[in-house]
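Here is the structure we will look at, set down as structure tokens.
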Amino acid sequence: MSDDSDWLAGSDDEATNSIKPRSESYDIKKLESTHRKRGYRDGISSAKEENLQHGFDIKFPQGSSLGFKVGEILGSLHLLSSFFTDDKELRHDFEQAKVDLHISNILSEANFNNEMELKSETPPSIEKWNSILAKYNLKYLN
């Protein structure tokens, strides 16, 4: 036999062996599809879990720092407005600070770049309220 005849003979054998009943072929394809989808979902879930913890470990200190700064501003304004109840501007500013420094505003897309890094070390709204608080500290605590 020549190489061509072996090739043809192999092809004939494979062709004959690959003819299967239609239902078996459908069942096998369905089973393969099911396992492929399950494997894909398991892989995605596993990757999410691993990356979620890693992301938390990296970003928690940054988020904690922002939360501390916001809490310090709001706590100080609240304390001042409690002691100096006649100052309507102070009470108004305290109410406005609660809105401006709400977590949804601090963690808004406007404060982060595409890599989820803060655009500046301190978001503009925190800087704004730090300066307003400094004004009240000078007025009442000096």
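The figures here come from the full heavy-atom set of this structure, side chains too, leaving out hydrogens, waters and symmetry mates.
At a threshold of 4.5 Å between non-hydrogen side-chain atoms, the residues Ile73 and Ile132 do not count as touching. For the pair Gln96/Trp129, a side-chain contact is recorded, criterion being any heavy-atom separation below 4.5 Å from C-beta on. Looking at heavy atoms from C-beta onward, Leu90 lies in side-chain contact with Leu80 at the 4.5 angstrom threshold. Residues His102 and Ile106 have side chains not in contact (no heavy-atom distance under 4.5 Å, counting atoms from C-beta outward). Side-chain atoms of Arg36 and Tyr40, non-hydrogen and from C-beta on, never get closer than 4.5 Å to each other. Inter-residue side-chain proximity for Ile44 and Arg41 is flagged as unmet; no heavy-atom pair is nearer than 4.5 Å. You'll find the side chain of Leu31 stays beyond 4.5 Å of the side chain of Asp27, heavy atoms only. When side chains are defined from C-beta on, Asp87 does not count as touching Arg91, because their heavy atoms never get closer than 4.5 Å.
Here the straight-line distance linking atom CG of Leu66 with atom OG1 of Thr122 works out to 7.5 Å at 0.5 Å rounding. Note that CD of Glu72 and CG of Leu101 are 12.0 Å apart. Values are rounded to the nearest 0.5 Å. To the nearest 0.5 Å, atoms NZ (Lys88) and CG (Asp86) are separated by 9.0 Å. A distance of 11.5 Å separates NE2 of His35 from NZ of Lys30, quoted to the nearest 0.5 Å. Atom CD1 of Ile126 sits about 11.0 Å away from atom CG of Asp100, to the nearest 0.5 Å.
With respect to the salt-bridge test (charged N to carboxylate O, under 4.0 angstrom), the residues Lys98 and Glu95 qualify.
Side-chain atoms of Ser108 come within 3.5 Å of backbone N or O of Asn105 as a donor-acceptor pair. In this structure a side-chain-to-backbone donor-acceptor pair under 3.5 Å is present from Ser82 to His78. Between the side chain of Ser131 and the backbone N or O of Lys128, at least one donor-acceptor pair lies under 3.5 Å. Without hydrogens or angle criteria, Ser81 side chain to Leu77 main chain gives a donor-acceptor distance under 3.5 Å. With hydrogens and angles ignored, the 3.5 Å screen pairs a side-chain donor or acceptor of Asn113 with a backbone N or O of Glu117. Remark: the backbone N or O of Lys29 is not paired with any side-chain donor or acceptor of Ser33 at under 3.5 angstrom.
Counting heavy atoms of neighbouring residues, nucleotides and ligands inside a 6.0 Å radius, atom CD1 of Ile103 does not exceed 12 of them. The local environment of NZ in Lys119 is crowded, with over 12 non-hydrogen atoms from other residues, nucleotides or ligands closer than 6.0 Å.
The cluster map of Ile, Leu, Val, Met, Phe, Trp and Tyr, joined by side-chain heavy atoms under 4.5 Å apart, puts Phe60 and Phe68 in different clusters. No single ILVMFWY cluster, assembled from side-chain heavy atoms under 4.5 Å apart, contains both Met116 and Ile58. A continuous path of ILVMFWY side-chain contacts below 4.5 Å connects Phe94 to Leu141, so both sit in one hydrophobic cluster. Linking ILVMFWY side-chain heavy atoms closer than 4.5 Å, directly or via other members, places Leu74 and Val99 in two distinct hydrophobic clusters.
The aromatic rings of Tyr136 and Tyr140 sit parallel to each other, their planes meeting at less than 30°, with 60° as the upper class boundary.
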Salt bridge (Lys or Arg N to Asp or Glu O under 4.0 Å) assessment of Glu89 paired with Lys139
CA-CA 13 Å; Glu89 183 183 4; Lys139 181 177 180 179; 5.2 Å; no
